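Since the structure comes first, as structure tokens, the remarks are kept for the end.
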2 protein chains.
Amino acid sequence: MSENNKQKAVLSVTEDIRAKILDGTYPEGMALSQVDIASTYQVSRTPVREALQILAGEELVEIRDTGRATVTTISPESFLEKCELRALIEVKLLELSIPLMGAEDIAKARELNESLKKCAPEEWTPLNYLFHEILYKPANRPLMQNVIKDLHHRHYARLKSFILSHRNTPRSLREHDELIDRCERQDIEGACYALESHIMMSAYALAEQLKSQQLKRRQTASL
Amino acid sequence: MSENNKQKAVLSVTEDIRAKILDGTYPEGMALSQVDIASTYQVSRTPVREALQILAGEELVEIRDTGRATVTTISPESFLEKCELRALIEVKLLELSIPLMGAEDIAKARELNESLKKCAPEEWTPLNYLFHEILYKPANRPLMQNVIKDLHHRHYARLKSFILSHRNTPRSLREHDELIDRCERQDIEGACYALESHIMMSAYALAEQLKSQQLKRRQTASL
DNA sequence: TACCAACAAAATGTATCCATTATGGTTTTA
DNA sequence: TAAAACCATAATGGATACATTTTGTTGGTA
């Protein structure tokens, strides 16, 4: 066979459920029954329960004291605060990075932004993270970088549909270009300010969308 | 009976192992065998496995791809970076808090610092966290506050023995007093600077101790 | 002595079984 | 009719049994 499919059940189940939560297949609030998942993946409940604990630790599912697991919901308030945190840390990373950046880092960033300009909508979120990752790498702060990665992957990724519908990517790309220019000029203050705006502007817009959608959903539910 | 002892096994096992890791009963690198734990708590391996997954999510234990679980180790580098992150977020919280502080917040902070002056060594870590928590409450940033709480509880607490041996608490208490004064005077910049020094100074001292102890331990091990 | 193979012991991974608890609908009663 | 009690169903929590993998040891060979 071409590859080794014999991965531990816990891992593959965890990965698959995580992916389905992130891409919206399992929507907010959906009940995750151990027996259903077990029969879906043709495994026993034992690995399923461990997978749910792992995902609960990632705040993707919530396990109530009755034992029932559901997909967590994203409140506009907590989303905004996550963006604030993201901005705080990313600005710090950028501030530490800029003095240590070499020409090749700038070149890589430009290259990635070009890829972003041409990429399919599906690829946007991961490529966007890679772009930011390159900018922060010189700072050499693996832990902070990891926090950012988590915020991007575990949380931001769940809003992909919003991001796509918002269609602010052209502006994002322009802002990326500006950011790179400022880095190249070693304009730390300007770059940090640009980055903070870049993050928080889209944050407010997305939070508004979130709010109005949840309002709509609640109205539909009460019919 | 005075209380309901019938808690779920997963929870009580998780809590107990967590406490033992934090207080050093289970030291860095110690192997956590499922069967041993199960027999220790008189439960089957099923809840033990879930508990280990939860603790792995908290980065208190590491589960290797062989399935073996061990208590995670704290490298001086990662400790310093955690302190940097802590300082970054706490300074932000303080900056947001000060303009919203009332007289009763200041009073509470003073009160807590007085308790700190008189408290037993055992009580220092949790009380110290409470002191900081009060200062950040007006900022109304539950998520950031939670990150800070985690950093304090899950990580800082493991260094209790170092903190005690370091005996820098008198200076800490003076710094706390100064911090409160600056808050009362609405001296945002000064307070933030004082807080950052307060955190990072002890961070560097602790990191040095960590380094020398790990060096000593490695030398002893190689005998 | 150093290295490798084979085997034995121990630990983990998963499935299945039973006990307990929560849930939803039905019936009963005020 | 509305609310409370009850029961049947379904789901979770934990224990046990078995399969698989890992690890350590022993014995043999160069």
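Chain naming here is simple, since letters A, B, ... match the order of the sequence lines and numbering starts at 1 in each. If you're wondering where the values come from, they're calculated on a predicted model, not measured in any experiment.
Within a 6.0 Å radius of NZ in K137(A), no more than 12 heavy atoms belonging to other residues, nucleotides or ligands are found. At most 12 non-hydrogen atoms from other residues, nucleotides or ligands lie less than 6.0 angstrom from CE of M201(B). Other residues, nucleotides and ligands contribute more than 12 heavy atoms inside 6.0 Å of the NZ atom of K82(B). Within a 6.0 Å radius of CD in E114(A), other residues, nucleotides and ligands contribute more than 12 heavy atoms.
A heavy-atom distance below 4.5 Å is not found between the side chains of H132(B) and I148(B).
A donor-acceptor contact shorter than 3.5 Å is absent between the side chain of S12(B) and the backbone of Q7(B).
In the set dT12(D), dT14(C), dG14(D), the nucleotide with an atom closest to the side chain of T46(B) is dG14(D). Considering only the side chain of S44(A), dT14(C) comes nearest among dG14(D), dG13(C), dT14(C). Closest approach to the A9(B) side chain among dG14(D), dT12(D), dT12(C) is made by dG14(D) (side chain taken as heavy atoms from C-beta onward). Residue R45(B) has its side chain nearest to dG13(C) when only dT16(D), dG13(C), dT14(C) are considered.
Q34(A) places its CD atom 8 Å from the C1' atom of dG13(D), with the value rounded to the nearest Å. For L11(A) and dT12(C), the CG to P distance is 16 Å, given to the nearest whole Å.
Within residues 62-72 of chain B, the residues approaching DNA chain C are T66(B), G67(B), R68(B), by heavy-atom distance under 4.0 Å.
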